[in-house]
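Data block below; observations after.
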Number of protein chains: 2
Amino acid sequence: MFSKTCEYAIRAVLYIAQMSKNGDKVSIKSISKGIDSPEHFIAKILQELSKKGLVQSLKGPTGGFYLSEQSKKHSLADIVRAIDGEKIFTGCGLGIGQCSEEFPCPIHNDFKMIRKKLFDLLQKTKVNEFNNQLEMQLAFLKKNHN
Amino acid sequence: MFSKTCEYAIRAVLYIAQMSKNGDKVSIKSISKGIDSPEHFIAKILQELSKKGLVQSLKGPTGGFYLSEQSKKHSLADIVRAIDGEKIFTGCGLGIGQCSEEFPCPIHNDFKMIRKKLFDLLQKTKVNEFNNQLEMQLAFLKKNHN
DNA sequence: ATTATAAAAGATATTTTTATCTTTTATTAA
DNA sequence: TTAATAAAAGATAAAAATATCTTTTATAAT
């Protein structure tokens, strides 16, 4: 559904949201362990998210990543859009460039509905809304949650 | 959503379904033009679909691709499964290997619902059900449909 | 039988995605 | 004000997906 980069991105932001909720900053090493992703790879991804204002960061000792009040209110859709672009929300299910209402692919309408559902879900879901579930271990961001 | 390979595969099968509905066979060249895909690439994809019994073929003059009575009844889900595998129907939205009811990722339930909708749609849609729409130019398999 | 046709098979090339490594810059603490 | 820390930036590498090219095999028409 999403690129691997995007999956890591979402998991990272949810992890940062939870770990930084009391003003702490979270290091790449911690993130990488917390979501079970390659350290250098997630570093690159966070660089990108940082440039686009979806996460904040500070260099140096006690530095790391955190979320501004604004960033906490971002939706999963914002992250997906920043990494994978609009295509997943608007593109044709069969990859036809000019698929449209006027010249639809055979599954145009069915897909439109599914994509809309996906978008609505991602749009309404904010990055800080899982903090408690994550803390209480009712939801997980990696496979080995021990 | 799907790999490009899979998008081509679906378009090719729908094209074959329509073009071969009266017993004709369809050449790779015709398919490639009809769905606007690289000729050698779609040849490879059809080889795979042929091996898996999703399309039939015959070599030599007057040869080409067609669909057996059985193949006409296949669903889009069958094609997706043959090319992209099960992952899109069952995999975790955030790419967590062991995501499950017991140890769910944060968006587990929402995604389960969307994936189910996607699967149901693809499962109930048969490859020959667009023949008329395609012929009447109410639906299209490529961008330049002139 | 021979030739032409069209898919199958196998090999290779290109591009994109994913991942890693090294150097630089900013910040803090001692 | 120096040393340590941690992210940013830039370069490189590996793997996977996409695309192309060549040779072989099966079939049909002559």
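Because the structure is a prediction, the values reported are computed rather than measured. Chain A is the first sequence line, chain B the second, and so forth, proteins listed ahead of strands; every chain is numbered from 1.
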Starting at atom CD of E7(B), determine the distance to atom C1' of dT18(D), rounded to an integer number of angstrom. 12 Å
Rounding to an integer number of Å, can you tell me how far Y66(B) OH sits from dA7(C) P? 12 Å
Nearest heavy-atom neighbours spanning L134(A) and P106(B): CD2-CG, 4.1 Å
Counting just side-chain N and O atoms, does S27(A) come under 4.0 Å of either OP1 or OP2 of dA6(D)? no
Given dT27(D), dT20(D), dA8(C), the nucleotide with the shortest approach to the side chain of P38(B): dT20(D)
Quick one: K29(B) NZ to dA8(C) P, roughly how many Å, whole number? 15 Å
Report, as yes or no, whether the 6.0 Å neighbourhood of atom NZ on K21(B) holds more than 12 heavy atoms from other residues, nucleotides or ligands. yes
Classify the side chain of K59(A) versus the base of dT25(C) as yes if they form a donor-acceptor pair under 3.5 Å and no if they do not. yes
What is the nucleic acid contact for V26(B), judged by heavy atoms within less than 4.0 Å: base, sugar-phosphate only, or nothing? sugar-phosphate
Quick one: does any side-chain atom of Q56(B) pair with a main-chain N or O of S68(B) as donor and acceptor, under 3.5 Å? yes
Please report the distance, rounded to the nearest Å, between CG in D84(B) and P in dA16(D). 15 Å
Gap between atoms CZ and C1', on F65(B) and dT27(D) respectively (whole Å): 14 Å
Between L67(B) and V13(B), what is the shortest heavy-atom contact and its length? CD1-O, 4.3 Å
Side-chain contact check for P61(A): nearest option of dA7(D), dT18(C), dT5(D) is dT5(D)
Rounded to the nearest 0.5 Å, how far apart are OG1 of T5(A) and CD1 of I83(A)? 7.0 Å
Mark yes or no for whether R11(B), through its side chain, and L94(A), through its backbone, hold a donor-acceptor pair below 3.5 Å. yes
Using atom CD of E39(A) as one end and atom C1' of dC21(C) as the other, report the distance to the nearest whole Å. 12 Å
Does any residue of residues 40-54 of chain B have a heavy atom under 4.0 Å from DNA chain C, and if so, which ones, in number order? K44(B), Q47(B), S50(B), K51(B)
Given atom CE of M19(A) and atom C1' of dA6(D), what is their separation to the nearest angstrom? 16 Å
Determine yes or no for a side-chain-to-main-chain donor-acceptor pair under 3.5 angstrom, with E129(B) supplying the side chain and K126(B) the backbone. yes
Let me know the distance between CD1 of I28(B) and C1' of dA26(D), rounded to the nearest Å. 14 Å
